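Everything numeric here is computed off the predicted structure, so don't read it as measured data. By convention in this document, chain letters (A, B, ...) are assigned in the order of the sequence lines, proteins followed by strands, and residues within each chain are numbered from 1. All heavy atoms count here, side chains included; hydrogens, waters and symmetry mates do not.
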Amino acid sequence: MFRQTRSEVETALEAALEALDLPSEDLGIEEPPEDVAAVLASSAAFRLAGEVGAPPPAVAADIAAAIDPGDLTYVDSVEQRGPYVNFLPSDAYFGETLAAAQAEDYGQLPDRDTSVVVEHTSANPTGPVHVGRARNPIIGDALARVLDYAGYDVDRHYYVNDAGRQMAVFTWAYETFDEDDLPEPERDSPEYEMVRYYRKGNSFLEEADADRVEDAESEIRAILQGLEAGDEDAYERVGEVVDTVLGGMSETLGRLPAEFDEFVKETRFMRNDATEDLVDRLKALDQAVYEEDAWQLDLPGFEKNLVFLRSDGTSLYTTRDLAHHEWKFDTYDRAVTVLGEDHKLQADQLDTTLDLLGHDTDQLSQVFYSWVNLPEGGMSTREGTGIDLDDLLDESIDRAREEVESRIDTRSRDDDLDETDVERIAHQVGIGAVRYDIVSKQPTKGITFEWDRALDFEAQSAPYVQYVHARCCGIRSEAGHAVEEGKEREPDSTAGDLDAAPLATDAERDLLREIARFPAVIERAADEHRPHVVATYTRTLAEQFNTFYRECPVLDADPDTKRARLALVDAARHAIANALDAIGVAAPRSM
RNA sequence: GGGCGUGUGGCCUAGUGGACGAGGGCGAGGGGUUCCUAACCCCUCGAUCGCGGGUUCGAAUCCCGCCACGCCCGCCA
């Protein structure tokens with residue numbers, strides 16, 4: 001009801017200002033701090049004081065007096081407090097929130113009839129996914145989920161750089177070196193086996209004699225030219241390496257879970273002549289220049305030219321990515337790309353060039369994140385430095401399992417967790433902790449990876465929030481409504497004759513108010529492409545629930561209160577479960 | 001050198017013009033379970049919001065300068 005209330009307040013405030021003959025373009029609507037009973041407030045009186053010639057509190061009082069709460073559904077009263085106009089929630093606000101949150105899909109906003117493609121990860125298929133890159137799939141997947149909740153029609157894409165020099169080097173190395181000369185793979189998985197060739201190839205190119213390196217380089221060149229010429233054999237050779245490595249990487253990403261609707265290969269835009277067609281149009285632009293045998297763009301606002309066709313007539317990564325984005329414009333209403341901060345300049349150039357080509361680049365946006373580094377420096381697949389995402393997830397699951405096992409004897413709840421439960425919880429908590437740790441921070445902030453900090457299971461972590469969900473399920477279960485893992489989607493018997501009136505304590509009201517905010521949180525996270533605000537919300541909601549849990553017994557309450565509190569617990573459960581789902585963290589039914 | 005980003009108690013982090021007299025967490029110290037799961041809760045300790053100017057009735061938030069750190073400035077991807 002928060003969103004509805006907000007628009008109701010907007011309308012009322014606008015009318016009041018007009019009635020007072022005051023400008024109404026700045027309503028100054030904001031959310032008051034926790035210790036204020038209002039749901040919304042306006043600080044417009046600050047700015048209007050000069051115009052009116054009266055101090056802000058007097059103006060606020062006038063505004064408050066000009067609004068008749070009797071005309072409003074979700075506002076009970078309008079009060080002036082200092083320079084603020086406060087809007088206090090009505091019984092209908094609480095009642096309808098309680099009712100709305102009984103829906104299993106609470107927080108899911110209406111369909112917007114707008115398609116959006118979220119491209120994320122898109123790491124070159126050179127080897128195991130390492131932690132330095134792990135922010136990309138986690139932020140990308142969370143963003144896709146949030147957009148989904150916000151009513152967009154979402155596709156998730158992984159753009160595969162399968163036509164670059166790295167893949168040519170990889171293909172040459174794979175065909176050249178013998179497995180007997182390679183170290184044992186770190187894991188029994190294709191990308192771990194394959195990366196050994198890649199590393200061997202790269203060190204050969206750095207260390208071998210000049211003439212041997214030149215021989216290798218000519219083979220690598222031949223592969224690249226084969227791709228450019230549309231040579232089927234070249235595609236097949238590179239494709240084998242790419243598909244094998246990518247298959248292994250997908251398994252790892254799937255553990256997060258981060259899944260994709262499509263793996264879009266850049267060679268696709270070479271084979272279907274889209275790149276060639278694009279190059280023709282680029283050459284025709286006013287900004288196109290032909291210098292030193294290469295076609296370039298003199299982009300306005302950029303220091304250096306952007307080369308889009310090499311002197312040997314081959315295309316570059318950026319050229320193909322332009323064709324790729326033209327395809328996105330054709331296929332989707334909007335496109336979001338999650339990129340490392342090192343791609344900022346390239347993204348700006350891409351944007352500017354697409355604009356020159358006549359595309360509406362307002363439909364295109366990027367989310368940038370900075371790398372996760374180790375205390376001793378960066379991570380590199382080629383050099384084999386860094387921590388594999390698989391190892392991080394395994395370690396986290398192991399620690400979570402130890403945690404569950406160490407608690408099992410002192411648990412006060414008598415639900416007898418069996419082996420399957422322990423394993424389930426270890427996975428939900430272990431992986432959830434890693435995801436939450438990453439998704440809850442602003443992407444632009446740098447992260448230095450430290451095991452103990454990343455895998456803290458206490459306050460301000462996924463387990464803290466997950467525990468609240470488990471508590472909700474525990475109460476439900478005690479009340480005779482068991483929640484099935486995975487599909488906790490049974491109709492609620494208390495729905496229908498809901499009454500929020502018995503929920504009279506501060507703890508209950510505050511919890512309900514927090515639940516009411518959830519759809520607006522989703523909306524904001526989607527609009528601003530900032531999934532981390534959902535993570536922040538889960539924590540606030542969990543804190544509010546814990547206050548309620550401490551102060552308000554549910555099962556032992558009198559029948560009317562019990563019914564209302566059970567409904568409140570369900571409302572909280574849906575908000576928590578869906579908020580966690582929106583950031584891709586599992587909601588365990590027991591812990 | 002130029003561009004972009006980041007800078008909030010010892011450490012991590014929220015807040016990005018208005019009730020901030022800055023909210024959490026970790027840490028340190030103290031307390032809480034005959035009661036729906038203590039991965040919890042309560043209390044105490046601890047911050048000139050990097051530094052210096054400016055704009056504003058009002059600045060952690062906007063502008064300018066400086067400092068520190070990160071990233072980028074390829075006919076690589």
Student: Over all strands shown, is A/Leu339 touching base, sugar-phosphate only, or nothing at heavy-atom distances under 4.0 angstrom?
Tutor: nothing
Student: Distance from A/Met591 atom CE to A/Gln466 atom CD, nearest 0.5 Å?
Tutor: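 If we round to the nearest 0.5 Å, A/Met591:CE and A/Gln466:CD are 5.5 Å apart.
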Student: Between A/Thr444 (side chain only) and A/Tyr369 (backbone N and O only), is there a donor and an acceptor less than 3.5 Å apart?
Tutor: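 Flag not set: sc A/Thr444 to bb A/Tyr369 has no pair under 3.5 Å.
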Student: Could you go through the side chain to side chain contact (heavy atoms under 4.5 Å, CB included) check for A/Ile576 and A/Thr538 one step at a time?
Tutor: CA-CA 6 Å; A/Ile576 288 264; A/Thr538 62; 5.5 Å; no
Student: Please identify each residue that fulfils side chain to side chain contact (heavy atoms under 4.5 Å, CB included) with A/Val213, with sequence neighbours left out.
Tutor: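 Partners of A/Val213 under the side chain to side chain contact (heavy atoms under 4.5 Å, CB included) test: A/Leu205, A/Ala208, A/Glu217.
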Student: Side chain of A/Gln442: nearest nucleotide among B/A19, B/U16, B/G25?
Tutor: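 Among the listed nucleotides, the one closest to the side chain of A/Gln442 is B/U16.
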Student: What's the CD-P distance between A/Gln349 and B/G3, to the nearest Å?
Tutor: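 In whole Å, B/G3 P and A/Gln349 CD are 16 Å from each other.
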Student: Determine which nucleotide pairs with B/G5, using a 3.5 Å limit on both distances of a Watson-Crick or G-U wobble pair.
Tutor: B/C69
Student: Is the distance from the ring center of A/Phe204 to that of A/Trp172 below 6.0 Å?
Tutor: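 So the answer is yes for these two rings.
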Student: Report all interatomic pairs (protein N or O, nucleotide N or O of nucleotides 54-56 of chain B) with separations under 3.5 Å.
Tutor:
none

Student: With a 6.0 Å cut-off on ring centres, are A/Tyr159 and A/His324 close enough?
Tutor: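 Between A/His324 and A/Tyr159, which both carry aromatic rings, the centre distance is below 6.0 Å.
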Student: Measure CD/A/Glu551 against P/B/C41 and give the value in whole Å, please.
Tutor: 12 Å
Student: Which whole-number value in Å describes the distance from A/Tyr436 OH to B/A14 P?
Tutor: 11 Å
Student: By nearest nucleotide on RNA chain B, pick out whichever of A/Leu40 and A/Val404 is the more 5' one.
Tutor: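 Residue closer to the 5' terminus by nearest nucleotide: A/Leu40.
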Student: Taking the side chain of A/Thr536 as its heavy atoms from C-beta onward, which of B/C40, B/A14, B/G5 lies nearest to it?
Tutor: B/A14
Student: Nearest whole Å is fine: how far is B/G27 P from A/Gln460 CD?
Tutor: 12 Å
Student: Once the angle between the rings of A/Trp295 and A/Tyr290 is folded into 0 to 90°, is it parallel (under 30°), tilted (30 to 60°) or perpendicular (over 60°)?
Tutor: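 Rings of A/Trp295 and A/Tyr290: tilted, 30 to 60°.
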Student: Hey, does A/Val468 reach any base, or is it just sugar-phosphate, or nothing, if we go heavy atoms under 4.0 Å?
Tutor: nothing
Student: Answer yes when A/Arg399 and A/Asp452 have at least one side-chain N-carboxylate O distance shorter than 4.0 Å, and no when they do not.
Tutor: yes
Student: Would you say B/G15 has OP1 or OP2 under 4.0 Å from some side-chain N or O of A/Tyr537?
Tutor: no
Student: Where the side chain of A/Arg199 meets the backbone of A/Thr381, is there a donor-acceptor pair that is under 3.5 Å apart?
Tutor: yes
Student: Between B/A38 atom C1' and A/Asp409 atom CG, what is the distance in whole Å?
Tutor: 15 Å
Student: State which of B/C36, B/U6, B/A19 makes the closest approach to the side chain of A/Pro33.
Tutor: B/A19
Student: How would you label the contact of A/Ala41 with the nucleic acid (heavy atoms, under 4.0 Å): base, sugar-phosphate, or nothing?
Tutor: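 If one applies the 4.0 Å heavy-atom cut-off, A/Ala41 turns out to touch a base.
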Student: Go through the N and O atoms of the side chain of A/Asn86 and the base of B/A19, and report whether any donor-acceptor pair is under 3.5 Å.
Tutor: yes
Student: Whom does B/U16 pair with, Watson-Crick or G-U wobble, provided both distances fall under 3.5 Å?
Tutor: none
Student: Using atom CD of A/Glu31 as one end and atom P of B/A14 as the other, report the distance to the nearest whole Å.
Tutor: 18 Å
Student: Strictly by Watson-Crick or wobble contacts shorter than 3.5 Å, is anything paired with B/A28, and which nucleotide is it?
Tutor: B/U44
Student: A/Glu403 side chain: which of B/C35, B/C40, B/A39 is closest?
Tutor: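 From the listed options, B/A39 comes nearest.
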Student: Decide yes or no on side chain to side chain donor-acceptor pair (under 3.5 Å) for A/Asp456 and A/Ser461, but give the supporting numbers first.
Tutor: CA-CA 7 Å; A/Asp456 180 5; A/Ser461 65; 5.8 Å; no
Student: A/Arg530 side chain N/O closer than 4.0 Å to the phosphate oxygens (OP1, OP2) of B/G15?
Tutor: yes
Student: What's A/Arg411 touching, base or sugar-phosphate or nothing? Going by heavy atoms closer than 4.0 Å.
Tutor: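 Touches a base.
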Student: At under 4.0 Å between heavy atoms, what does A/Phe457 touch on the DNA or RNA strands: base, sugar-phosphate, or nothing?
Tutor: base
Student: Taking atom P of B/C4 as reference, at what distance in whole Å does atom CZ of A/Phe302 sit?
Tutor: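 About 11 Å, once rounded to whole Å.
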Student: Can you work out whether A/Glu34 or A/Ile475 has the more 5'-proximal nearest nucleotide on RNA chain B?
Tutor: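 Its nearest nucleotide lies further toward 5', so the answer is A/Glu34.
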Student: Whether A/Lys445 contacts B/C12 is assessed here as follows: a side-chain N or O lying under 4.0 Å from the phosphate OP1 or OP2. Is that the case?
Tutor: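 False: A/Lys445 side-chain N/O out of range (4.0 Å or more) of B/C12 OP1/OP2.
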Student: Give a yes or no answer on whether the side chain of A/Arg565 reaches the backbone of A/Pro553 with a donor-acceptor pair at less than 3.5 Å.
Tutor: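 Checked: pair present.
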Student: Let me know the distance between NZ of A/Lys441 and P of B/G7, rounded to the nearest Å.
Tutor: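 Whole-Å distance recorded here is 14 Å.
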Student: Can you give one letter per nucleotide of nucleotides 70-77 of chain B, 5' to 3': B if a protein heavy atom sits under 4.0 Å from the base, S if only from the sugar-phosphate, - if neither?
Tutor: BSSSSBSB
